[in-house]
Amino acid sequence: MKIIPNFQNISLYGERIYNFFNTISNIENSNNTNQINELPFSIEMKNLKFKYKDIYVLNDIDIYITKGQKVAIVGENGAGKTTITNLLLRLYDPEEGTISINDVPLKTLDLNKYRNNIGVAFQKSVSFSLTVRENMMFYNDKITDEEINEIFELVGFDKVMKRGEFTLDSYLTKEFHKDGLELSGGELQLFAICRLFTKKFGLLILDEPSASLDPIVEYNLNNLILNEIKNTTMILISHRLSNVRKCDKIFFILDGEVLESGTHDELMNINGKYCEMFNKQAENYR
């Protein structure tokens, strides 16, 4: 008698799940065979437009990133920064314009092999209810325990392991294991950054990867990434403009358009929107 009244609700959920798994994705199911074997990537976004429903969030974006260049994409909330990275991962296709990787149209690439050459670290990092070792093997299943421990020591995650007396065989989260390792938001971000050192990538996308860390740890971590991960193209999205000063080039996005671009010093000399935002943030530290 307790179960029968819920049948209708259960059937509605079942119908939604059924429809979800039977939805055909034109992007994920594409039979493209083009591959890019040369690393790192060069990226060209030309006349890029994209809209959510009827609202355009990108308007004629033109960005060119050379191989191995470290660039930052900055701007106010809702400017379209994360949408650009979603298009680069081909989670969506643009309404208009083109994206080319090493002069090859993104739409023609084997998507799985292309994405396997991209390392990501986002503000909300994901870990799975597997061992620490298994979580570190997503990009490279050949990595050794010694290499993992060296990465932990380099990034500073070894302190998290020692504090909780955990090993590589310890499980993350308590979802399936009562003794699992529960990480804070900042520790999860630190762990996601550790993964970026497990192999060589054609492109790294870092979208607010250290926002939950304290400013000193974040500063040291950004310097580590810039100094240690060389010969790799990198895109950094950050609201803290102090994090992007050492990037080779900075693109300031406003209302879906590239308003300003250049090095930190060049943009400060322009005395435009980037300079205004940087000075406003700097006031909090004076």
Side-chain angles (χ1 to χ4, degrees), residues 23-75 78-122 138-140 195-196 198-207 209 229-237 244 247-262:
T23 299
I24 297 175
S25 169
N26 294 327
I27 292 178
E28 301 296 332
N29 294 331
S30 61
N31 295 317
N32 298 330
T33 56
N34 276 352
Q35 298 181 36
I36 294 179
N37 299 316
E38 185 180 347
L39 306 180
F41 294 161
S42 66
I43 300 168
E44 183 178 25
M45 291 171 265
K46 195 171 183 180
N47 304 127
L48 215 58
K49 290 186 178 182
F50 184 79
K51 64 181 179 181
Y52 293 106
K53 295 185 178 180
D54 296 325
I55 302 174
Y56 275 94
V57 292
L58 297 180
N59 295 292
D60 288 326
I61 290 286
D62 287 308
I63 292 176
Y64 183 72
I65 303 171
T66 60
K67 293 181 179 182
Q69 196 172 29
K70 309 292 188 290
V71 307
I73 300 177
V74 301
K81 304 183 297 296
T82 299
T83 299
I84 291 174
T85 63
N86 288 339
L87 291 173
L88 276 174
L89 289 167
R90 210 183 168 206
L91 301 180
Y92 320 119
D93 280 332
E95 301 289 330
E96 298 178 30
T98 59
I99 300 175
S100 297
I101 308 297
N102 286 4
D103 299 322
V104 179
L106 175 55
K107 285 187 176 182
T108 69
L109 293 177
D110 181 310
L111 199 52
N112 286 330
K113 292 181 179 177
Y114 165 67
R115 287 177 179 165
N116 282 338
N117 283 312
I118 301 176
V120 299
F122 296 142
F138 289 166
Y139 292 125
N140 178 10
R195 290 190 185 123
L196 302 182
T198 58
K199 64 173 279 188
K200 181 175 175 57
F201 296 96
L203 170 65
L204 294 178
I205 297 178
L206 288 72
D207 191 343
I229 303 180
K230 298 177 180 177
N231 300 319
T232 301
T233 306
M234 186 183 82
I235 296 176
L236 170 65
I237 294 176
V244 308
C247 287
D248 300 319
K249 195 169 186 178
I250 301 167
F251 295 92
F252 187 91
I253 309 293
L254 182 67
D255 296 330
E257 298 179 359
V258 178
L259 182 68
E260 301 167 1
S261 64

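Worth knowing before you read on, the calculation uses all heavy atoms, side chains too, and leaves out hydrogens, waters and symmetry mates. Quantities reported herein were computed from a predicted structural model and do not represent experimental measurements.
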With distance as the sole test, does [X] use its side chain to make a donor-acceptor pair with the main-chain N or O of [Y] at under 3.5 Å?
{"X": "D248", "Y": "V71", "result": "no"}
{"X": "N140", "Y": "T198", "result": "yes"}
{"X": "T233", "Y": "F41", "result": "yes"}

Taking all non-hydrogen atoms of both residues, which atom of [X] and which atom of [Y] are closest, and how far apart?
{"X": "K81", "Y": "G75", "value": "NZ-O, 3.2 Å"}
{"X": "G97", "Y": "P94", "value": "O-CG, 4.0 Å"}
{"X": "Y64", "Y": "Q69", "value": "O-OE1, 4.2 Å"}
{"X": "L39", "Y": "G202", "value": "CD2-CA, 3.6 Å"}
{"X": "P40", "Y": "G68", "value": "CG-N, 3.5 Å"}
{"X": "I36", "Y": "N117", "value": "O-ND2, 4.0 Å"}

* Go through the steps to decide whether T98 and N47 satisfy the test side chain to side chain contact (heavy atoms under 4.5 Å, CB included), and finish with yes or no. => CA-CA 7 Å; T98 59; N47 304 127; over 6 Å; no
Quick check for you: to the nearest 0.5 Å, what is the distance between [X] atom [atom1] and [Y] atom [atom2]?
{"X": "F50", "Y": "N59", "atom1": "CZ", "atom2": "CG", "result": "12.0 Å"}
{"X": "I99", "Y": "I101", "atom1": "CD1", "atom2": "CD1", "result": "7.0 Å"}
{"X": "L206", "Y": "L204", "atom1": "CG", "atom2": "CG", "result": "6.0 Å"}
{"X": "L48", "Y": "L87", "atom1": "CG", "atom2": "CG", "result": "5.5 Å"}
{"X": "K70", "Y": "M234", "atom1": "NZ", "atom2": "CE", "result": "6.5 Å"}
{"X": "D93", "Y": "K107", "atom1": "CG", "atom2": "NZ", "result": "4.5 Å"}

So do the side chains of [X] and [Y] get within less than 4.5 Å of each other, counting heavy atoms only?
{"X": "L259", "Y": "I253", "answer": "no"}
{"X": "L109", "Y": "N32", "answer": "no"}
{"X": "K249", "Y": "I65", "answer": "no"}
{"X": "M45", "Y": "I84", "answer": "yes"}
{"X": "K46", "Y": "D62", "answer": "yes"}
{"X": "T232", "Y": "K200", "answer": "yes"}

* To do: Test I118 against L88 for side chain to side chain contact (heavy atoms under 4.5 Å, CB included), laying out the working first.
  => CA-CA 10 Å; I118 301 176; L88 276 174; over 6 Å; no
* Asked: Does a sphere of radius 6.0 Å around CG in D255 hold more than 12 heavy atoms from other residues, nucleotides or ligands, not counting ones at 6.0 Å or beyond?
  ->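 Count not over threshold, so no.
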* Asked: Taking only residues two or more places apart in sequence, or in another chain, which ones meet L111 in a side-chain contact (heavy atoms from CB on, under 4.5 Å)?
  ->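 Scan of L111 (side-chain contact (heavy atoms from CB on, under 4.5 Å), adjacent residues dropped) gives I27, E28, R90, Y114, R115.
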* Worked verdict on K67 versus N102 for side chain to side chain contact (heavy atoms under 4.5 Å, CB included) -> CA-CA 8 Å; K67 293 181 179 182; N102 286 4; 3.6 Å; yes
* **I235/L203 under side chain to side chain contact (heavy atoms under 4.5 Å, CB included): CA gap, chis, key distance, verdict** => CA-CA 8 Å; I235 296 176; L203 170 65; 4.1 Å; yes
* Angle class for the F201/Y139 ring planes (parallel below 30°, perpendicular above 60°, tilted otherwise)? ->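 Rings of F201 and Y139: perpendicular, as their planes differ by over 60°.
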